Amino acid sequence: MTDHSHDDDLKHADHAMPKPIIYTATWIMLLGLLFVNYLQSQYLDLGAFNIVIALVICLIQASAVVLIMMGVNFHSTLVKFWALVGFVWLMLLFTTLGDYITRHWIHLPQGW
Amino acid sequence: MSIFELQREGFASQRLAHQFEEINQQNECYIVGMWTFLVTEIMFFGALFLILSLYRMAYPASFEQAHAVLLVSFGLTNAVILISGSYFMTMCVRAKMLGDYRMTQLWLGLTLLCACGFLVVKSFEYASEFKDHHFPGPSFHWETTTPGAYTGSYSSQFSTTMPANAVNSAAVSSTYSAPVTQNLNMHKRQLFFSLYFIMTGLHAVHVIIGILIMGTLFFLIRYRHPSVDDYMPVELTGLYWHFVDIVWIFLFPLLYLIGKQ
Amino acid sequence: MNIPFIPVQASTFASQVDAIFYAMVGLTIFFVTIISLMLATFVVRYRRGSNVDRSNPTEGNLILELTWSIIPMLMGLGIYVWSTRPYAEIYNPPANINTIDVIGKRWMWQIQHTRSGIRENDQLHLVVNQPVKFDLISQDVIHGFFIPAFRIKRDCLPGHYNTMWVTPNRVGKYYLYCSEYCGSGHSEMGGYVYVMSPEDYAVWKSTGQNRQTEASESAVEIGQGVFQKFGCANCHGRVNGVHAPTLYGLYGTQASLTNGTSPLVDANFIRNELINPNGLVVKGWPAVMPSYPIGSDEGDISESNLLDLIQYIKSLRGGAGVPGETVTAVSASQPVKQTKVERAVTVNGKLSKGSSTQNGGTGKGLVK
Amino acid sequence: MSSILLRPDNLHGDTVLDEPNYLNWKSTVASWLLTKDHKRIAVMYFFSISFMFLIGGIAASGIRLALVRPHDTFFSSETYDKMFSAHGIIMVFFFLVPSIPATLGNFLVPLMIGAKDLAFPRLNLLSWYVYIVASAIMLGAVAFGGIDTGWTFYEPYSSIYSNSNVVAVTFAVFLAGFASIMTGMNFIVTIHKMRAPGLTWFRLPLFIWGMYATSLIMVLGTPVVAITLLLVTLQRMFGLCIFDPSCGGDPLLFEHLFWFYSHPAVYIMVLPSMAVVSEVIACFSRKRIFGYEFVAFSSMAIALLGFFVWGHHMFVTGESMYAGMVFSLLSFLIAVPSAIKVFNWSATLYKGNVWLSAPLIFAIGFILLFTIGGLTGLFLASLAVDVHLNMTYFVVAHFHYVMVGGAIFGFMAGMHFWWPKITGRLYPEGWAIVTAVVMFLGFNFTFFPQFILGFLGMPRRYHYYAPPYQFWNDMSSAGATIMAIGFMLPLFYWAWSLKYGEIAGPNPWGAKGLEWTVPSPPPSHNFDEIPLVTEEAYDYKAIHAAEIAGDYSHLQFDHPFAEAKHSDKPTNFEEH
């Protein structure tokens, strides 16, 4: 293997990065959503929608972290692709629930 | 107005590893590599979330009773701590990119503090749960302190503190005072607490790994070690740390908040 | 030397399965022949140095590609449709057929005929041309209830009832296997299925080749004993109970629960309701039902008794919504033979051992 | 691609092997154990997985031996259970999953795409160490008490009823999973970002497409089985309950999660073999692979569709009828890309100039056995038939046709094909052909009877069995002996060739591809300068035309099989 410890190997990357205010705003938004989630869970009973609300808030929070804090929005298509793959495959795993849900469906009549 | 500021001049230099041709290729490789790793982490935790949702669908009542005993204040504090840690981490990465060692150290120190704070809160929470014998297994034990765990006019006369194995055959045939009640419901809650401990435990393991990595980085940066001339180690640690944060963003409502109403 | 190639067909299901199987064997031979011929021809004809025409070698052909993707796909879809139908039918037993409860445990099959109450171990006697339904459960690990001659198989899960049904149509003696690995006795967990003519079956039943025959009641009767013994009757015994909903006419309907769901009342529902009553509270009733452990410890409801209890609940048809009708009305038509019920209910697991010896311990019957 | 490097001055004598290459640049133990060179890691992986294959093979011999005499037996049932469990676990997780990716893949991916190394060399080395630790734990567990759960670790048997080393083994498999995740990550990033200039996706060799598809499965599927087995470990260690029915857990959920990985894992095993076979067939028929795009996309289709069919392992477990129908339909659909591949390989030979060498014989064996394995898979995908055949020897036969007939034949084809590249020397061709034939015959003798056994209804994992099955079991065991001999042969002639084999030269087969442009064995840094790629992968047109015209000069002149070197009449060339 060749030795690469020459000075000309120290290189500069091209990089554009968001201004810090973007990060700060994201942080405040995340905390805000967290408290919305908390307050809703403590004081507002929406029955079956509780879990929907909680999950929607989580998804918004997670997207904010992924897109802004992890910088996916500012990266190449390939990085975006892999971030998406993670989500899509998780959904695929969750199709397992389909087995459990359809187990109680009424069976087909005889001679269908 | 652009949200970007283009940074080119003040950038820290990077060293090119032998297998790469140019620096942008190297950076992109590291970022994509980290993301493929995070995808595996998503699937890793995803399976646990699947198990949680499935059992929650199967045993809503038992699970809600068990949800109810988790202390929201601990979870909420930890959520705030982790989200703030995430924010400090982004600032740290930014400072490192700009080659600002002093600020890098400051933000990284803050992130480390958050991480340790998380563990401190978590340890108090675990301690209280161990004290209440909520850890599954032979010593698992259930004391309902939450109102509404058993509704109905007959519930008050049941002893709700029966140990798991105290099934008395003599009592089986008696009319209403059926101590067997507690036995299997207790099992369902064991199911919940097994999941709770595994999920938060694995998350805590990730936090500990994060602390180890960040601690190492902190000292390397403190002593200007050449291996951290490049901002990539900090950037990758950042990605990892954000992922740990995201897991908690989902864990917190799904374990602590749902079923509180 | 007698070399077996084809398993016996002993159920109506078997001929359907075999038809598909042979069709697929045909397809396999067809495709393997095509591929082998292609490979052999090309390798020989275009071997290095052979003097043949190699002009205009092709590098791809869309029509050809589509041909050999679409034709096999259509063949596959044809087989899919063909073979899905019998599969769906196993899930849909005809109404009112005889049910046989099967309990798998390491390493034996405990079989309970619900109509006659006959219990056997590692043996199953059936009447030819009479459809039977199997309710399967396991007491420990996952087992697989497999009768090759019938071409049926279903896993016995702990904690969940699986069902299937079959119509045996050929008199004979067939193997019964455990198909899901369950430990060191796995290969010895099995026995024989006897399909008999109605006359032979009647003789077998009356001559007491099975010790339990003359002593048994139907599963409904045993189940009623269980119902009394565990105190179920105290709350659920009346049509308009004070503390609990009635069980008359309940089986097969949809329950309306406080958690917003309305599951079908079937064997698994009853099982879950016993284990986890607080999780499945019926609307309009207090959540006061105690839960009952199912197992083989003292005081537990055994898997065997639970199956009987389910048969009993299933039998509670009449009187739904008719005020004033009580459980005694049913008891009158199905008198409780108290002593026998007690015996069948109280022995838990011992029952099986006794009859196992009686039958000569067919557990190792496979090994001659 | 740059033209084939011929350096005639170095082709004679041993001088070519004295040039600095990845094998001889340093020979200390530390230089091997701390190497970051993908080629050395590949070699170390090759020795490790071969050792594990040997152990797994010994267990398999034990199984076949026990089944010869089912009545008064050589082994107790407990020992028998431990043998088939060790065989399954070692073969699947410690041999088949890492086999081609970690050896040939590691060696060839950077060479084929014109990179100096994989993207993460340290991670690559770490992967080997993790694998070694996992193997050590596994072997320790087998040596001290064994494991009796079968390779599927079904609940609740594995966490409650088994009295064997489940914790150690599930942990070992968990670790081995991480070794394969690391390999997968490395390949994905490398293939995405480190291709030589000009090497577009559709100029990539199909081997790279296969490796990419494999890596996708490794990265997306392995974590699920890792966490599932970790849960089993935790259940046993701390008495937690997740799948235990006595506390409301669902054993079927374990099966879902297990097969979510373990079905795609089948494609981890067979996709690399398909990748190898594509290379071998193109090279030895001197043709671009027929329908390149279709073969490439079918690899991707198999990898992706492979994730949608896990439920077909559970048709008789009490899965929902509707889930069964959907999984069955998708399983039928996944047969289509496999069929496309098989037809395309066969069609590639058409009008080629076929050189029937040992790798090609292995590849043809692969196609035949994989065709049978794939088609019998359709028996198991069709619902009603599966009800009868599931959990019988039919399944055993089917997946051995895919995994031995598929994966291992592909592995052998690849090892022979690239053996000169890896070692710099040629293996003895005659012995290799004999091996291919012996293995093919022995394999069919062993596993074809098992299809009949399965149809007759003999359940798998049976220590004792009923008399009607005796004949077919005896036949199977007899065949296994032949197959074992077949597997032993390469051990000897490969070792022999390391010392006495003919010097290979950079491109003994006259093959296309960047890996054949560098010396054999390649230098540590692979390429003196990164090549500029200007052609597609299988541009054999010129070679094809030259060979038809009787010109074999592109083959090296000291090549033992290129008899043209002695002959003045190359048009009358005949296979020796």
Side-chain angles (χ1 to χ4, degrees), chain A residues 1-5 9-24 26-27 30-31 34-35 37-38 40-47 50-51 54-55 57-58 61-62 65-66 68-72 74-76 78-79 82-83 85-87 89-90 93-94 96-97 100-101, chain B residues 2-8 11 13-18 22-24 26-28 31-32 35-36 38-39 41-43 46-47 49-50 53-54 57-58 72 76 79-80 83-84 86-87 89-91 93-94 97 229 235 238-239 242-243 245-246 249-250 252-254 256-261:
Chain A
M1 280 181 235
T2 49
D3 187 9
H4 277 275
S5 56
D9 281 337
L10 292 173
K11 298 189 178 172
H12 294 273
D14 296 328
H15 230 293
M17 60 171 102
K19 291 173 181 165
I21 184 76
I22 302 289
Y23 291 137
T24 315
T26 312
W27 177 42
L30 287 176
L31 290 181
L34 182 67
F35 282 107
N37 208 346
Y38 169 71
Q40 188 269 326
S41 74
Q42 298 296 309
Y43 303 110
L44 183 63
D45 191 354
L46 299 171
N50 285 330
I51 191 149
L55 279 177
I57 292 179
C58 285
Q61 284 178 313
V65 174
V66 168
I68 298 168
M69 288 188 160
M70 297 171 96
V72 166
F74 318 126
H75 269 299
S76 63
L78 186 57
V79 174
W82 272 98
V85 163
F87 180 74
W89 240 250
L90 188 62
L93 183 61
F94 269 75
T96 305
L97 292 177
Y100 290 84
I101 293 164
Chain B
S2 166
I3 59 161
F4 295 110
E5 44 185 356
L6 195 63
Q7 293 292 338
R8 200 183 276 270
F11 246 59
S13 298
Q14 293 184 279
R15 193 178 295 274
L16 192 65
H18 78 97
E22 47 138 2
I23 200 71
N24 282 328
Q26 174 174 335
N27 288 348
E28 177 91 350
I31 303 275
V32 175
W35 267 104
T36 49
L38 291 183
V39 168
E41 288 275 32
I42 290 172
M43 298 306 286
F49 278 105
L50 171 70
S53 9
L54 208 113
M57 273 166 56
V72 186
L76 187 64
V80 173
I83 288 176
S84 306
S86 243
Y87 168 65
M89 197 69 215
T90 52
M91 298 309 280
V93 174
R94 190 176 177 282
M97 273 181 174
D229 285 347
E235 162 98 43
L239 287 180
H242 295 310
F243 173 77
D245 179 30
I246 289 177
I249 282 179
F250 281 94
F252 169 62
L254 291 184
Y256 293 82
L257 293 186
I258 293 178
K260 274 287 168 350
Q261 286 88 357

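Values in this document were obtained by computation on a predicted structure and should not be read as measured data. Labels below follow one simple rule: chain letters A, B, ... track the order of the sequence lines, proteins then strands, and each chain is numbered from 1.
Heavy-atom distances place the side chain of B:I246, and not its backbone, under 4.5 Å from chain A. Proximity to chain A is absent for every atom of B:M89, based on heavy atoms less than 4.5 angstrom apart. Contact annotation for A:T26: neither backbone nor side-chain heavy atoms come within less than 4.5 Å of a heavy atom of chain B. In this structure, chain A has heavy atoms under 4.5 Å from both the backbone and the side chain of B:L50. For B:Q26, no part lies under 4.5 angstrom from a heavy atom of chain A. Both the backbone and the side chain of B:A47 come within less than 4.5 Å of a heavy atom in chain A. Contacts of A:Y23 with chain B are made by both backbone and side-chain atoms, with heavy-atom separations under 4.5 Å. In this structure, chain B has a heavy atom under 4.5 Å from the side chain of A:I101, while its backbone stays farther away.
Between chain B and the options A:Y100, A:W82, A:W27, heavy-atom pairs under 4.5 Å are most frequent for A:W27. Residue with the most contacts toward chain B among A:G71, A:A54, A:S76: A:S76 (heavy-atom pairs, distance under 4.5 Å). Between chain A and the options B:I42, B:I31, B:L54, B:V80, the largest number of non-hydrogen pairs under 4.5 Å is found for B:L54. Looking only at heavy-atom pairs under 4.5 Å with chain A, the residue among B:Y87, B:F49, B:F250 that has the most is B:Y87. The candidate with the highest count of non-hydrogen atom pairs below 4.5 Å against chain B, out of A:A62, A:C58, A:G86, A:A83, is A:C58.
In this structure, CG in A:N37 is found 10.0 Å from CG in A:N50, a value given to the nearest 0.5 Å.
Nearest heavy atom pair, residue B:H242 against residue B:S86, reads ND1-OG, 2.8 Å. Closest heavy-atom contact between A:Q61 and A:L30: NE2-O, 3.1 Å. The two residues A:M70 and A:V66 have their closest heavy-atom pair at CB-O, 3.3 Å. Closest approach of A:S41 and B:L257 over heavy atoms only: OG-CD2, 3.2 Å. Across all non-hydrogen atoms, the minimal contact from A:L93 to B:G46 is CD2-C, 3.8 Å.
Not counting sequence neighbours, A:W89 has no partner by the side chain to side chain donor-acceptor pair (under 3.5 Å) test.
Aromatic ring pairs are classed by plane angle as parallel below 30°, tilted from 30° to 60° and perpendicular above 60°; the pair B:Y256 and B:F252 is tilted.
With a 4.5 Å cut-off on side-chain heavy atoms, A:L34 and B:L76 count as touching.
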